[in-house]
**Q** 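Structure in structure tokens, see below.
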Amino acid sequence: MRMSKLFSQTLRESPSDAEITSHILLERAGFIRQLAAGIYTAMPLAKRSLTKIENIMRDEINAIGGQEMSMPVVQPAEIWKRTGRWYKVGPEMGRLKDRNGRDMALAMTHEEAVSDIVKNEIHSYRQLPVLIYHIQTKWRDDPRPRAGLIRVREFTMKDSYSLDRDWEGLDEQYRAHYQAYFDIFHRCDLPVISVKSDVGMMGGTMAHEYMYITPSGEDTLLLCDKCGYSANRQIAVFQKESGPEEEALPLDKVATPEMKTIAALSEFLGVPESKTAKAVFMMATVLEDEEEVEKLVFAIVRGDMDLNETKLTNAIKAKELRPAEEAEIVAVGAVPGYASPIGLDGILVVVDDLIPQSPNLAAGANEEGYHYINVNYGRDYKASVVADIVAARDGDACLGCGASLRAVRGIEVGNIFKLGTWYSEAVGCTYQDEDGEEKPVVMGSYGIGSGRLLASIVEEYNDEYGMILPISVAPYQVYIVAIAGKGEKGAEAMAAAEQLYTDLQEAGVEVLFDDRDESPGVKFNDADLIGIPIRLTVGPRSLKDGGVEFKRRDQKEREIVPLEEVVAKVKELIATLKAEIAERIVPMPFEE
RNA sequence: CGGGGUGUAGCGCAGAGGGUAGCGCGCCGCGUUUGGGACGCGGAGGUCGGCGGUUCAAGUCCGCCCACCCCGACCA
């Protein structure tokens, strides 16, 4: 490709609405252009990189038996109604009507489409196991798209779906994906870790997320450097230290005017926050006699800890959870700021499992301006549910080995999920087993977003001048800077550059040839910005020095290579760069 | 959805106090120049986010709306 013909242009200045590195660089280098919030055009350079990433995914998923297909983005509402997600999901799903007034949905993922196909295509155990996948557009009307390609509304995802007779089969395909995903990220040269993650409402039994660790990430992860435990904060467990044993003291009511926060209360009473109980009110949507009802949940955690909403959701099997409004709290007879489970009837009280081991806590008295001291679980009140519902924090002790957990931020670049039979049962995806019995297909789903992956790679590999793309992802392998000038020397250099361009292409090398009538500075800067791994400079000076200047984007050193050796040298370096990446592809330990 | 911010040429920005819009980069033409974002001369390009109001007169003042960005809520 000639730079003089390339459709996109580079920008000297960053667009004012870009803040994070990958967004700035992808915009400046002409890879992407924004159409609306969370909606981007992939320009030719980005498209080439994305295609490379997608081909790596194809390779790896094909290698574990995947069959590529393509499922529609616009889908009839019926299949979403069948699984209930038409009603459950809310405004995140794109909805429209076709010309006949029928409800249609824009796919946010493809479990429904898969289930529909499976229902019709799979009849016998003989057809299982099978693995299907596609690389397709998704629409999720995220309330807050941000950070360029990191969090968008329209995106392309490689999603695969495993179909098995039983859970053992699912285990096998899940493990195959577990490794294949590492291989995909490693081939893209992106360092990732896997963390255990929430399985949510889908009734799955296991899920992992692949995380690229970076401060700009949106998820918080807890890692144990000693034993290797790693989990999303949503589900991370840790050792809780109960305080020293104490005799239960008599319950007492004390005046605590204006002490509505834990910090204020603890200071006023002169006790540590760990000697207080914190009340958090949430409204949960739960299933009661097959009916969805919204209930107030009174969650109690020790004052020095934070409620983890995911854990609470799971503990009470809620479909949804949201903070309660003051009116809803008052409605059950609780007094915000001084709330107490003591003497409240008929509400769902959930206490953290550390509370029963924490004697003599200070808690609200359900009376404006008063708290109880020496509140003891069991004696003074009881809960409907006792469960781990607090969030792990940096420095907490690892449940497995006791070492200190480290909290880091990460971007989720992929996830794998044991769906089980939730969809199969909802939709009726069954097969006949050897014994003639109808059984639900056991499913798994596995996804990687290609744009977010590209953005993460750019986040990882850049310097003050621009991107430094890995050879496997770069839109081109070589960037030729032609330095011309008038006169005979200049014409000679241009001719040499043209010849080099032709020779490299004939040798199968992907070349971006900067043949523009621009000053050398512009070309060097654009070469750095776009981040092509190998830069070749041909000009009167390099020819005088004996050939072509050869430079890796990721190194400072330059050397002159004679014209007749350049092609061989380029091919050799490409092979070396590929080999360096290949070394990163290693088996990763899988933990149950 | 709550809080904050920004909308003026393709991009980045300036336009106190109302008087009909400017700078840099980029773009077009001609010429010079060619190893780290060159130079000269000549050009093109803007319903100032939208609608309404105040006024003789609105980019500027007032009201409503929209879009985009950031923080939070949210994120199968």
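Within every chain, numbering begins at 1; the chains are lettered A, B, ... in the order of the sequence lines, protein sequences first and strands thereafter.
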**Q** According to the Watson-Crick and G-U wobble definitions, with both distances under 3.5 Å, which nucleotide is paired to B:U32?
**A** B:A38

**Q** Is the shortest distance from a Lys or Arg side-chain nitrogen in A:Arg553 or A:Asp463 to a carboxylate oxygen in the other one below 4.0 Å?
**A**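 Looking at A:Asp463 together with A:Arg553, the answer is yes, because their closest N to O distance falls below 4.0 Å.
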
**Q** Which base, if any, makes a Watson-Crick or G-U wobble pair with B:C75, both distances under 3.5 Å?
**A** none

**Q** Taking only N and O in the side chain of A:Gln34, is any of them less than 4.0 Å away from OP1 or OP2 of B:C69?
**A**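 Checking A:Gln34 against B:C69: at least one side-chain N or O falls below 4.0 Å of OP1 or OP2.
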
**Q** Partner of B:C64 by Watson-Crick or G-U wobble geometry, both contacts under 3.5 Å, or none?
**A**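 Check on B:C64: paired to B:G50, both distances under 3.5 Å.
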
**Q** Syn or anti: how is B:A16 classified when any glycosidic angle within 90° of 0 counts as syn?
**A** syn

**Q** Taking N and O atoms by type only, does the side chain of A:Glu13 place a donor or acceptor under 3.5 Å from a partner on the base of B:G26?
**A** no

**Q** Between A:Ile560 and A:Gly148, which residue's closest nucleotide on RNA chain B lies nearer the 5′ terminus?
**A** A:Ile560

**Q** Please report whether the ring centroid of A:Phe417 lies less than 6.0 Å from that of A:Tyr446.
**A**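 No: the rings miss the under 6.0 Å criterion.
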
**Q** Ignoring hydrogens and geometry beyond distance, is the side chain of A:Arg144 in donor-acceptor contact with the base of B:G3 at under 3.5 Å?
**A**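 When only heavy-atom distances are counted, A:Arg144 does not reach the base of B:G3 through any donor-acceptor pair under 3.5 Å.
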
**Q** Establish whether the base of B:G36 is bridged to the side chain of A:Arg535 by a donor-acceptor pair shorter than 3.5 Å.
**A**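 Present.
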
**Q** Would you call A:Asp103 and A:Arg95 a salt bridge, taking side-chain N to carboxylate O under 4.0 Å as the test?
**A**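 A salt bridge is absent here (no side-chain N lies under 4.0 Å from a carboxylate O).
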
**Q** Indicate, yes or no, whether a donor-acceptor pair under 3.5 Å links the base of B:G36 to the side chain of A:Arg12.
**A**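 It does not, because no donor-acceptor pair links the side chain of A:Arg12 to the base of B:G36 below 3.5 Å.
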
**Q** Strictly below 4.0 Å: does A:Arg541 bring a side-chain N or O up to OP1 or OP2 of B:U34?
**A** no

**Q** If you assign A:Pro15 and A:Thr10 each to the RNA chain B nucleotide with the nearest heavy atom, which residue ends up on the more 5' nucleotide?
**A** A:Pro15

**Q** Can you classify the ring geometry of A:Phe281 versus A:Phe298 as parallel (below 30°), tilted (30 to 60°) or perpendicular (above 60°)?
**A** tilted

**Q** Taking 4.0 angstrom as the limit, do A:Glu111 and A:Arg85 come out as a salt bridge?
**A**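 Looking at A:Glu111 and A:Arg85, the cut-off is met.
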
**Q** Quantified in whole Å, what is the C1' atom distance between nucleotide B:G46 and nucleotide B:U20?
**A** 13 Å

**Q** Touch check for A:Glu518, heavy atoms < 4.0 angstrom, all strands: base, sugar-phosphate only, or nothing?
**A** base

**Q** Check whether any side-chain nitrogen or oxygen of A:Arg140 sits under 4.0 Å from OP1 or OP2 of B:C75, and answer yes or no.
**A** no

**Q** Given that both distances must come in under 3.5 Å, which nucleotide forms a Watson-Crick or G-U wobble pair with B:A21?
**A**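 Per the H-bond distance test, none.
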
**Q** Tell me whether the side-chain N or O atoms of A:Arg151 pair up with the base of B:C74 as donor and acceptor below 3.5 Å, since no angle test is needed here.
**A**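 Indeed, a donor on one side and an acceptor on the other fall under 3.5 Å apart.
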
